[in-house]
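Heads up, the thing below is written out as structure tokens.
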Amino acid sequence: MTVRTRFAPSPTGYLHVGGARTALFNWLYARQHGGTFILRIEDTDEKRNTEEARQVIYDGLNWLGLDWDEGPDKGGPFGPYQQSERSDIYAKHLAVLEAGGHLYEDNGAIRFRSPRKTVVVEDLICGRIEFDMSNPATHPDMTIRRPDGSWIFHFVNVVDDIEMKLTHVIRGEDHLSNTPKHIELYNALGVTPPKFAHIPLILNTEGKKLSKRDGGSSITFFMDGGYTPEAVANYLCLLGWSPGDNRERLTMAEILSLFDLAKVNRRNAIFDLDKCFWLNGQHILAMSLARFAELAKPFVDKAGIAYGTDEALIQALAIVKAKVKHLSDVPDWIAFLFSDEFSFDPEAVEKSLKKPGALGRLKALEASLLTVSDWTHVTVEAALKETALALGVKTGELVHPARVAVSGRSVGPGLYEIFEVLGKDRTLARFERARSLAAE
RNA sequence: GGCGCAUUCGUCUAGGGGUUAGGACACAGCCCUCUCAAGGCUGGUGCACGGGUUCGAAUCCCGUAUGCGCUGCCA
């Protein structure tokens, strides 16, 4: 039987990181088994059913690199893939339950009569759990349809999973206690339940279920905040799962080959933004320049940096790639390379340019650089070091004022790389301009 | 309240009867170094508690505590 998994979010207008991880685990499981990954929109609550809200989910999943085989926008053999359009299907199954004598009316709502037996859940992650459902006081009969005819989650969720032929239901642990109720429904409908796997929840720094109000609870936060999809997906996997060999940075291909649903632990995890941030830097460091450019360009464009050609942009990106931690920081890191209109950090000026003798050293370096014909980071480095030697000063004595002269700051990419990207003329022009700021 | 699940450094985790309890983030110091990063080295902090079982328990069992979840005509 071919594996079929699904991600079934409610279109609330944002994609929760917990939901994203659930989607990721479902996607991984399906892809590992040559199965089918389905996207189903659970919009029984009409208010939530907007095109924009669905788009946020599509965008988030796409961004993470999770593609689905069947869904509202893709179609498929068991559609429609939005619950708001499946009322006839639910009515059909309601009739089956009705015929089986499983239903009764309560103030206009329809309830399912529990068989009142012990239900065993065999969970792929949590193991075997027995639920004693015999006491109606503690496990009341669930409502499956409201008086106004609208449907309740538990029922439509089960019906859809049956209709869409799900083989594995991988979802948050908050549904573990709902599972016996769902199994009662499967039994009443005469269907063998799918395999269940309940994954631990993601909590905020207070240890509470991560909610909309928590910073970083939405995938949009990471998309806009300059995180790479590879880092976020990687980090999400590491919450509750480990490759077991002390490795942290993993590519999606590696995760695909190593991930094992059965090895997912049962502990809720607190989302640690610091580590996600670190992982982001690690991925940026490891990724190709082309990929970095692809990811960084939207941020650069949004900042309105006039970089001219793509080649020029890539040349600039190459010298900041190893330093940048957030894609959103890129514009600030490269802006001075494309405009002379940068500001001088007063502190940097004070520390380097106002240092006694800075002007003389700058002039000496300028003279030396003037003679460099084949202008590359290698030749300018040689020129600078020769100058330092001739002056009898440490290279830092030249590097620091030069850095401030050409960039206005004390931190940035490697100085020689900056020189190379700037080119000889612009470098020297900036030296000249900085003279007025330098101390004798 | 009832039911379910969980409990290893601050955080994420490895380890599932005998380990100096390992790694990562964060933090501190040092090295490297043109800055910032990266990288390298070093350091501190941890098996919730109490009982068992056992020659031996972080590991198995039972309790307690704590946390989270469910207990909706939310999903």
Side-chain angles (χ1 to χ4, degrees), chain A residues 8-12 19 42-45 48 83 106-111 121 123 125-127 129-133 135 137-140 142-154 156-157 171-181 198 200-203 205-209 235 237-249 263 265-279 281-282 284-286 320-325 333 348 351-352 381 384-385 388 394-404 407 409-418:
Chain A
S10 177
T12 56
E42 304 220 328
D43 57 351
T44 51
D45 183 344
R48 294 174 166 178
Q83 292 184 331
D106 176 18
N107 292 333
I110 298 175
R111 285 184 187 272
V121 176
D123 192 278
I125 292 168
C126 303
I129 303 165
E130 285 189 15
F131 291 86
D132 178 2
M133 306 295 280
N135 186 354
T138 57
H139 294 90
M142 69 182 127
T143 305
I144 64 176
R145 192 174 199 181
R146 300 185 189 90
D148 69 359
S150 60
W151 306 96
I152 303 295
F153 160 76
H154 301 292
V156 295
N157 184 268
R171 58 181 13 169
E173 198 226 61
D174 47 344
H175 287 303
L176 185 57
S177 297
N178 290 327
T179 305
K181 293 192 288 195
H198 288 91
L201 301 180
I202 297 179
L203 310 177
T205 44
E206 262 94 61
K208 308 283 185 200
K209 194 171 164 181
Y235 182 72
C237 282
L238 256 24
L239 249 29
W241 172 78
S242 159
D245 61 356
N246 291 334
R247 280 205 296 167
E248 306 286 337
R249 197 196 80 229
K263 280 175 65 181
N265 70 30
R266 301 157 79 167
R267 273 182 76 187
N268 291 165
I270 290 173
F271 194 99
D272 181 6
L273 202 53
D274 279 341
K275 186 154 182 180
C276 188
F277 173 73
W278 169 79
L279 211 43
Q282 291 291 306
I284 288 176
L285 205 55
V320 302
K321 179 170 171 285
K323 315 262 181 173
V324 164
K325 293 293 196 63
W333 273 79
K351 200 176 166 194
S352 299
E381 176 172 1
L384 184 142
K385 288 193 167 157
K394 290 195 287 187
T395 52
E397 295 296 317
L398 295 179
V399 167
H400 298 312
R403 173 183 296 285
V404 179
S407 75
R409 306 180 177 188
S410 57
V411 301
L415 182 69
Y416 314 124
E417 286 73 21
I418 293 175

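Residue numbers begin at 1 in each chain, while the letters A, B, ... track the order of the sequences.
Looking only at distances, a side-chain donor or acceptor of Asp43(A) sits under 3.5 Å from a matching main-chain atom of Gln83(A). Between the side chain of Ser242(A) and the backbone N or O of Gly244(A), at least one donor-acceptor pair lies under 3.5 Å. A donor-acceptor contact shorter than 3.5 Å is absent between the side chain of Lys263(A) and the backbone of Trp241(A).
Residues Arg249(A) and Gln282(A) come closest through the heavy atom pair CD-O, 3.7 Å.
Closest to the Leu201(A) side chain, of the nucleotides A37(B), G69(B), A14(B), is G69(B). When each of A75(B), A37(B), C34(B) is scored by its nearest atom to the side-chain atoms of His154(A), the top-ranked nucleotide is A75(B). Side-chain proximity of Ser177(A) to the nucleotides C73(B), C34(B), G4(B) is greatest for G4(B). Closest to the side chain of Thr395(A), out of C36(B), C34(B), C73(B), is C34(B). Listed nucleotides: G23(B), U71(B), C3(B). Nearest to the side chain of Asn246(A): G23(B). Nearest to the side-chain atoms of Arg146(A) among the listed nucleotides G4(B), A75(B), G23(B) stands A75(B). Checked against C3(B), A75(B), C5(B), the side chain of Phe131(A) finds its nearest nucleotide in C3(B). Comparing C34(B), U35(B), C25(B) by their nearest atom to the side chain of Lys323(A) picks out U35(B). Closest contact between the side chain of His139(A) and the listed nucleotides A14(B), G4(B), C3(B) involves C3(B).
The nearest heavy atom of RNA chain B to Val324(A) and to Leu239(A) marks one nucleotide each, and the one closer to the 5' end goes with Leu239(A). Comparing Glu130(A) and Met142(A) along RNA chain B, the residue whose closest nucleotide (by nearest heavy atom) sits nearer the 5' end is Glu130(A).
If you measure from atom NZ of Lys209(A) to atom P of A6(B), you get 18 Å, rounded to the nearest angstrom. Between Leu203(A) atom CG and C12(B) atom P the separation is 8 Å, expressed in whole Å. Per the geometry, CG belonging to Asn268(A) stands 10 Å off P belonging to C12(B), to the nearest Å. Between the NE2 atom of His400(A) and the P atom of U35(B) there is a distance of 5 Å, rounded to whole Å. Atom CG of Leu415(A) is separated from atom P of U33(B) by 17 Å (rounded to the nearest Å). Atom C1' of nucleotide C68(B) and atom CZ of Arg266(A) are separated by 14 Å, given to the nearest angstrom. Distance NZ (Lys275(A)) to C1' (C25(B)): 5 Å, rounded to an integer number of Å. When rounded to the nearest whole Å, the span between NZ of Lys208(A) and P of C68(B) equals 3 Å.
Base-pair partner of G50(B): C62(B) (Watson-Crick or G-U wobble, both distances under 3.5 Å). In a base pair of the Watson-Crick type (N1 to N3 plus N6-O4 or O6-N4) or a G-U wobble (N1-O2 and O6-N3), with each distance short of 3.5 Å, C70(B) is matched with G2(B). Searching all strands for a Watson-Crick or G-U wobble partner of G39(B) with both distances below 3.5 Å returns C31(B). The partner of G10(B) is C25(B), by the rule that a Watson-Crick or G-U pair needs both atom distances under 3.5 Å. The partner of U45(B) cannot be assigned: no Watson-Crick or G-U wobble pair with both contacts below 3.5 Å exists in any strand.
Between Pro180(A) and Val121(A) the shortest side-chain heavy-atom distance falls below 4.5 Å. In this structure, Cys126(A) and His198(A) have side chains that are in contact, with non-hydrogen atoms separated by less than 4.5 Å. Contact check for Arg111(A) versus Ile144(A): no side-chain heavy atoms found under the 4.5 Å cut-off.
Put simply, Thr143(A) has a side-chain N or O that comes within less than 4.0 Å of OP1 or OP2 on C73(B). At the phosphate of U8(B), OP1 or OP2 sits under 4.0 Å from a side-chain N or O atom of Arg267(A). Between Gln282(A) and G39(B) there is a side-chain N or O to OP1 or OP2 distance below 4.0 Å. For C34(B), the OP1/OP2 oxygens have no side-chain nitrogen or oxygen of Lys351(A) closer than 4.0 Å. In this structure, Thr205(A) does not reach the U11(B) phosphate: none of its side-chain N or O atoms is under 4.0 Å from OP1 or OP2. Proximity of Asn265(A) to the phosphate of A6(B): no side-chain N or O atom is located under 4.0 Å from OP1 or OP2.
No hydrogens or angles were tested; on distance alone, nothing pairs the side chain of Lys181(A) with the base of U71(B) as donor and acceptor under 3.5 Å. Judged by distance alone with a 3.5 Å cut-off, a donor-acceptor contact links the side chain of Arg403(A) to the base of C34(B).
Residue contacts shown for Ser410(A) include a base, since a base heavy atom lies under 4.0 Å away. Pro9(A) comes within contact range of no nucleotide atom at all, as no heavy-atom separation falls under 4.0 Å. Among the heavy atoms of the strands lying under 4.0 Å from Asn178(A) is at least one base atom, whether or not backbone atoms are also near. Gly240(A) comes within contact range of the sugar-phosphate backbone alone, with a heavy-atom separation under 4.0 Å but no base atom that close. Residue Asn135(A) is classed as having no contact, given no heavy-atom separation below 4.0 Å to the nucleic acid. Nucleic acid contact for Gly207(A): sugar-phosphate only, since backbone atoms but no base atoms lie under 4.0 Å from a heavy atom of the residue.
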For residues 269-279 of chain A, which side-chain N or O atoms pair as donor and acceptor with protein atoms under 3.5 Å away, sequence neighbours left out?
| unit_1 | atom_1 | unit_2 | atom_2 | d |
| --- | --- | --- | --- | --- |
| Asp272(A) | OD1 | Asp274(A) | N | 3.2 |
| Lys275(A) | NZ | Glu248(A) | OE1 | 3.1 |

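Annotation: G40(B) and G51(B) have their C1' atoms spaced 47 Å apart (nearest Å). Taking atom C1' in both G44(B) and U11(B), one finds a spacing of 16 Å when rounded to whole Å. Rounded to whole Å, the separation between the P atoms of U8(B) and C49(B) comes to 11 Å. Distance noted for atom C1' between C60(B) and G15(B): 16 Å (whole Å). Nucleotides A48(B) and G29(B) place their P atoms 31 Å apart, quoted to the nearest Å. C27(B) and U45(B): their C1' atoms are spaced 10 Å apart (whole Å).
A salt bridge is defined here as a Lys NZ or Arg NE, NH1 or NH2 lying under 4.0 Å from an Asp or Glu carboxylate O, and Asp148(A) with Arg146(A) fails to meet this definition.
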